Amino acid sequence: MGEEERLPTRSDELQENEQPKNGIRSSCCTPVYWFKMLAKELHWSFVFGVIIVYGMSQGLGGALARVGTEYYMKDVQKVQPSEAQVYSGITSIPWIVKPLWGLLTDVVPISGYQRRPYFVFAGSLGVIAMFFLSLHKELHIVLALLALTAGSASVAIADVTVDACVAQKSGSHPSLAADMQSLCALSSSIGALVGFSFSGIFVHLIGPQGVYGLLTIPAGLVFVVGMLLKEPRTSSFAYEQINQSFLNAGKAMWKTLKCPDVWRPCLYMYLSFSVSLNISEGMFYWATDSEAGPSFSKEIIGYVMAIGSIGSLLGAILYQYGLKNYPFRDLLFWAQILSCLSGMLDLALVLRWNLKLGIPDYFFVVIDASVSQMIGRLKWMPLLVLSSKLCPPGIEGTFFALLMSIDNAGLLTSSWLGGLLLHILNVTRTEFGKFWLAILIRNVLRISPLFLLFLVPRTDPNSSILPDEVLNSKEVAETRGPDNVELVALVESMDGR
């Protein structure tokens, strides 16, 4: 079949006019001209903000924070694997309340600005939290958790705010919407890959608290974004309308959630994540501490996670170019089956079957990480698309954030239940005798979401899910308005933040 004809977009015209004609030179300079085009059309401060928040804060900073925190809990706080599992859930709570951050940045301007003050606040909070962690060597676990949660809130607030900026620009420059999403995904992927690649080296050289000191740099750059971002100032704002805006949004969300076509998929998403127990902290302790395990160094742990992020990226590409048009139920069925099977790789590693087959630990762990991350992404992508289909017009942004919060609540439950399982089986820093049983129980439970697939609509991603009574309801209509940025869409953001 031939390519479908289309009118040239503004993006096409700009890139065609600015790029050199020479083939080799064009290939090398294309990214440069692409960035120049985006900076010219969208303003350089916006492009800078996207790169900093997605690439530096979430990508590179998130990778450094993950590896650094795992070693901080193990080597500095010296907690048990079950405790570390519970604590990781606590620090993710700011992501569960993402709708609150979305509502604030959308309907509560500060000093006439809707976005800039929230970037400044997020950056300041992150700098203070990371400095606090890096400067106190014998910090009580409660204070450490408060600081880590504050750092997590810093990233979450910046994430919601930049999502709103991207959605707003997508509305004013629709021909560049795809370019903006590519910029977001590219920044996040490259940042995570670089972060994981160097995370183990940094932890080895300067320790976990030194890594927290480095994390003040991404947070400080988020602060700079708030100072530099070009944003029109609103001279007058009726603050008395804030309560009404919150009330209208709340009514619209409640009206939508009461619809069976919405709450049933929401229930599936929560339960499917909850029952897939997270015992990653136990796996980390076993891989680095157990005498029976491979005793991986900090550098190897970082490299393995970097390769895992490549697997996740491959999963997203596979979905985009080969699976995105398949029905939700079919994709989720096979993704759940593959998730259960990939979990058996962990069991084979812990029982040392790989050595009996002559497969070295490092090579086997690399395969395990890549396959697990790719399958996890294949499960996550259709849920993201399904979530975007459940968002009524006018409150897309906040309702999408609400759905992501439901997913994060499921992940929190999974983390806490995994910690409870490790505690019941007496998996400690030095005792891993029953760890294989924890992995087996987790793998068996991964089958259970198959019995909940009836909650997922049979439709494919190209079909509408919301009924007319929701789309045309009075509550949803009241949230719309010509000047209402309210709850601008995160729906175009297919990366699951």
Side-chain angles (χ1 to χ4, degrees), residues 61-96 125-156 195-196 198-216 218-219 277-291 293 295-302 304-305 411-412 414-432 435 438:
L64 291 176
R66 178 178 171 184
V67 178
T69 300
E70 288 189 334
Y71 278 101
Y72 178 75
M73 288 295 176
K74 183 174 78 74
D75 296 338
V76 179
Q77 293 293 340
K78 300 187 184 302
V79 300
Q80 299 294 343
S82 57
E83 295 173 329
Q85 197 72 61
V86 172
Y87 295 153
S88 68
I90 292 175
T91 58
S92 69
I93 288 177
W95 292 86
I96 296 178
L125 183 63
V127 169
I128 293 172
M130 293 301 104
F131 257 132
F132 183 75
L133 282 167
S134 65
L135 295 177
H136 293 79
K137 293 185 177 181
E138 296 182 358
L139 195 62
H140 192 276
I141 185 63
V142 174
L143 294 177
L145 284 176
L146 287 175
L148 288 171
T149 304
S152 178
S154 165
V155 179
F196 280 127
F198 288 95
S199 59
I201 298 174
F202 283 136
V203 172
H204 175 72
L205 293 176
I206 60 179
Q209 290 178 279
V211 170
Y212 288 140
L214 287 179
L215 289 175
T216 59
L277 303 187
N278 183 354
I279 54 174
S280 60
E281 295 298 330
M283 199 69 193
F284 171 74
Y285 276 65
W286 177 85
T288 56
D289 262 359
S290 174
E291 294 181 0
S295 298
F296 285 144
S297 66
K298 299 177 178 67
E299 292 87 348
I300 290 181
I301 291 293
V304 168
M305 290 186 175
L411 294 172
L412 174 64
S414 168
S415 184
W416 284 354
L417 290 177
L420 178 62
L421 178 63
L422 293 176
H423 178 72
I424 292 174
L425 295 178
N426 194 33
V427 176
T428 67
R429 297 171 58 89
T430 57
E431 177 57 48
F432 296 91
F435 185 48

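Worth knowing before you read on, the calculation uses all heavy atoms, side chains too, and leaves out hydrogens, waters and symmetry mates. Owing to the predicted nature of the structure, the values given are computational and were not obtained by experimental measurement.
Side-chain atoms of Thr91 never come within 3.5 Å of backbone atoms of Leu148 as a donor-acceptor pair (strictly under, hydrogens ignored). Within the 3.5 Å criterion, the main-chain N or O of Val79 finds a donor-acceptor partner in the side chain of Arg429. Looking only at distances, no side-chain donor or acceptor of Glu299 sits under 3.5 Å from a matching main-chain atom of Ile201. The backbone N or O of Trp416 lies less than 3.5 Å from no partner atom in the side chain of Gln85, so there is not a single donor-acceptor pair. His136 places no side-chain N or O within donor-acceptor distance of the main-chain N or O of Glu138, the cut-off being under 3.5 Å.
Here the straight-line distance linking atom OH of Tyr71 with atom OG of Ser199 works out to 9.0 Å at 0.5 Å rounding. Residue Glu83 holds its CD atom at 11.0 Å from CG of Leu422, rounded to the nearest 0.5 Å. One finds the OG atom of Ser152 at 12.0 Å from the CD1 atom of Ile90 (value rounded to the nearest 0.5 Å). Taken from CZ in Phe132 to OG1 in Thr216, the straight-line distance is 15.0 Å, to the nearest 0.5 Å. Here the straight-line distance linking atom CD of Glu70 with atom OH of Tyr285 works out to 9.0 Å at 0.5 Å rounding. The CD1 atom of Ile279 sits 9.0 Å away from the CG atom of Leu425 when rounded to the nearest 0.5 Å.
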Begin with the C-alpha distance, continue with both residues' side-chain angles, and end with the deciding distance and a verdict on side-chain contact (heavy atoms from CB on, under 4.5 Å) for Ile301 and Phe284. CA-CA 9 Å; Ile301 291 293; Phe284 171 74; 4.2 Å; yes
Between Ile424 and Asn426, is the side-chain contact (heavy atoms from CB on, under 4.5 Å) condition met? List the steps. CA-CA 5 Å; Ile424 292 174; Asn426 194 33; over 6 Å; no
Between Glu281 and Val427, does the side-chain contact (heavy atoms from CB on, under 4.5 Å) criterion hold? Intermediate values first, please. CA-CA 11 Å; Glu281 295 298 330; Val427 176; over 6 Å; no
Please evaluate residues Tyr87 and Ile141 with respect to the criterion side-chain contact (heavy atoms from CB on, under 4.5 Å), reporting the C-alpha separation (whole Å), side-chain torsions for both, the decisive distance (0.1 Å), and the verdict. CA-CA 9 Å; Tyr87 295 153; Ile141 185 63; 3.8 Å; yes
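Between Met130 and Leu135 there is no side-chain heavy-atom pair separated by less than 4.5 Å.
Side-chain contact of Ser88 with Ser415: a donor-acceptor pair under 3.5 Å is present, judged by distance alone. Under 3.5 Å, the side chains of Tyr72 and Gln209 contain no donor-acceptor pair of N or O atoms. Checked by atom type, the side-chain pair Tyr212/Thr69 shows a donor-acceptor distance below 3.5 Å.
When all heavy atoms are compared, the tightest approach of Gln77 to Leu139 is NE2-O, 2.9 Å. Taking each heavy atom of Ala147 and Ala129 in turn, the nearest pair found is O-CB, 3.4 Å. In terms of heavy atoms, Pro208 sits closest to Gly68 at CB-O, 3.5 Å. Of all the heavy atoms in Pro94 and Ala153, the pair that sits closest is CB-CA, 3.5 Å.
Aromatic ring pairs are classed by plane angle as parallel below 30°, tilted from 30° to 60° and perpendicular above 60°; the pair Phe435 and Phe432 is perpendicular.
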